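Below: one structure, written as structure tokens.
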Amino acid sequence: MQLKRVAVPVACAILALYFAYHAVVGDNGILAWRDQQREEVRLQKELAGARARRLALEHRVTLMRPESLDPDMLDERARENLNLAHPNDITIFRNAR
């Protein structure tokens with residue numbers, strides 16, 4: 001008789017603990033949510049960096065278009081790609097890192 005009175009509350013407590021555990025530690029629990037928030041922040045920073053690099057490249061491409069060709073940019077790119085220098089240029093060699 002005593003066992004029947006205790007069995008239902010104990011079963012309910014075990015069931016509540018089961019759901020509480022999975023609410024915190026489960027695949028969709030609080031800890032997983034926190035990890036997803038951290039991952040989102042990291043990815044937002046990565047996206048911001050990629051966007052900044054893209055804007056810089058777009059700006060350089062704009063300078064290379066025929067309607068807005070910058071002679072200095074053209075000269076810089078030609079020298080860099082051909083690995084040439086003007087005889088009057090001062091060349092400074094840097095160590096590759």
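We're numbering straight along the sequence, starting at 1. Not measured: the values here are computed from a predicted model.
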Counterpart residues, side-chain contact (heavy atoms from CB on, under 4.5 Å), relative to Arg60 (two or more places apart): Met73, Glu76, Arg77
Remaining members of the apolar cluster that contains Leu15, side-chain heavy atoms under 4.5 Å: Tyr18, Phe19
With Arg51 via salt bridge (charged side-chain N to carboxylate O under 4.0 Å, His left out) - residues at least two apart: none
Hydrophobic cluster of Leu84, others only, ordered by chain and residue number, side-chain cut-off 4.5 Å: Leu82
Please tabulate, one pair per line, all N/O donor-acceptor pairs under 3.5 Å involving side-chain atoms of residues 28-40, not counting sequence neighbours.
unit_1 : atom_1 : unit_2 : atom_2 : d
Glu39  : OE1    : Arg42  : NE     : 3.4
Glu39  : OE2    : Arg42  : NH2    : 2.7

Other ILVMFWY residues reachable from Leu55 by side-chain steps of under 4.5 Å: none
Gap separating the CD atom of Glu58 from the OG1 atom of Thr62, nearest 0.5 angstrom: 7.0 Å
